[in-house]
Amino acid sequence: MIFSMNYKNLQVEITEGIALLTIHRPEALNALNTNFFNEMDHFISEVSLNKSIQILIITGSGKAFVAGADIAEMVDKTPADGTKFSRLGQNTFRSLEKLQIPVIGAINGFALGGGLELAMACDFRIASTKAKFGQPEVNLGMIPGYAGTQRLPRLVGLADALYLLMTAEMIGAEEALRIGLVQKVVEPEELMNEVLKIAKLIQSKGPEAIKKVKHVTRTGMLMDFDKANELEADFFGTQFKAEGEEGMRAFLEKRKPNW
Ligand code: CO8
């Protein structure tokens, strides 16, 4: 075991450079509590330091991906504690998003509230036909607190985001696909095969190119367009010596690149 902490709510399996993280809190449909965030922070930091992990897949155990933040833990919070709990989750999901490697959400079941916010911090999402998505916070008289109000409109556009945020409607996988919240929908028994197939496909590409494409795309989205183009050009340039020369030579010589 390369992870030094013994997790209670996280299960980690690493095979051939692919880490599979399963959120596991069966008594509460994997709802996110303080312990989850402590473990997740530790896990993210270990992954960022572990050069042998090239791809991270996140899923949930049982019938839920994650059914939200833990309502029982939140109910008695003061406004100041609520803000603190929100910042805790926002920071964790932001550091997940900032991992250099691709992070794929394998959405097996309910992805609600904080669960959808976790899914949205992944680079893209593959869903089982059984997955259900929603931001039900207004049902509880609350609003999202782990950047749901920010990532949802960036992913699906303002009107679809506000529709989901205001109605708290729980949508199925096909509807999530239609609005661009997930990128593929597969039968439940095919979910892991499909996600592993995609992970292996990404692994076959230039590893530095994959990290740079993530960094430039994600960072550029938060920047002025002209500045973002400069960032792209800089990284494009550095990639020639990093992997590009070999990749292009391999193409011309009709062989596999040796990165
Ligand atoms: N928190 C705590 N416990 C939960 C949660 C949750 N979010 N979701 C489910 N559980 C528990 C249930 O209480 C139940 O426990 P018990 O067996 O002890 O009664 C167990 O999990 C199983 O759940 P159900 O019996 O309800 O299972 P069903 O299949 O009947 O229903 C649902 C599944 C539809 C997913 C239902 O459980 C549900 O509606 N859950 C709540 C969904 C929700 O509202 N999520 C949003 C929470 S708020 C949020 O995420 C805000 C994020 C930002 C926070 C910012 C910090 C301040």
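Computed from a predicted model, the values in this text were never measured in an experiment. Start at 1 and go down the list; that is how both ligands and their atoms are numbered.
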Angle between ring planes, Phe93 versus Phe37, binned at 30° and 60°: parallel, tilted or perpendicular?
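The arrangement is tilted - the two ring planes meet at 30° to 60°.
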For [atom], find the nearest protein heavy atom and state the residue, atom name and distance (0.1 Å precision).
atom: atom 17 (O) of ligand 1; answer: Glu27 O, 4.6 Å
atom: atom 21 (O) of ligand 1; answer: Ala28 CA, 3.4 Å
atom: atom 56 (C) of ligand 1; answer: Phe85 CD2, 3.5 Å
atom: atom 37 (O) of ligand 1; answer: Leu29 CD1, 3.6 Å
atom: atom 54 (C) of ligand 1; answer: Tyr146 CZ, 3.6 Å

Protein non-hydrogen atoms only, distance under 4.0 Å: does [atom] have such a neighbour?
atom: atom 43 (C) of ligand 1; result: yes
atom: atom 39 (O) of ligand 1; result: no
atom: atom 19 (O) of ligand 1; result: no
atom: atom 7 (N) of ligand 1; result: yes
atom: atom 48 (S) of ligand 1; result: yes
atom: atom 28 (P) of ligand 1; result: yes

Heavy-atom distances under 4.0 Å decide this one: backbone, side chain, both or neither, for [X] against ligand 1?
X: Asn139; answer: neither
X: Lys77; answer: neither
X: Lys63; answer: side chain
X: Ala69; answer: both

Any idea which atoms of ligand 1 are less than 4.0 Å away from a heavy-atom of [X]?
X: Pro136; value: 43 (C), 44 (O), 45 (N), 46 (C)
X: Phe110; value: 33 (C), 35 (C)
X: Gly145; value: 53 (C), 55 (C)

Around atom [atom1] of [X], are there more than 12 heavy atoms of other residues, nucleotides or ligands at under 6.0 Å?
X: Lys130; atom1: NZ; result: no
X: Arg218; atom1: CZ; result: yes
X: Gln11; atom1: CD; result: yes

Just going by heavy-atom distances, which of Gly134, Ala67, Ala168, Gly113 is nearest to atom 41 (C) of ligand 1?
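Minimum heavy-atom distance to atom 41 (C) of ligand 1 goes to Ala67.
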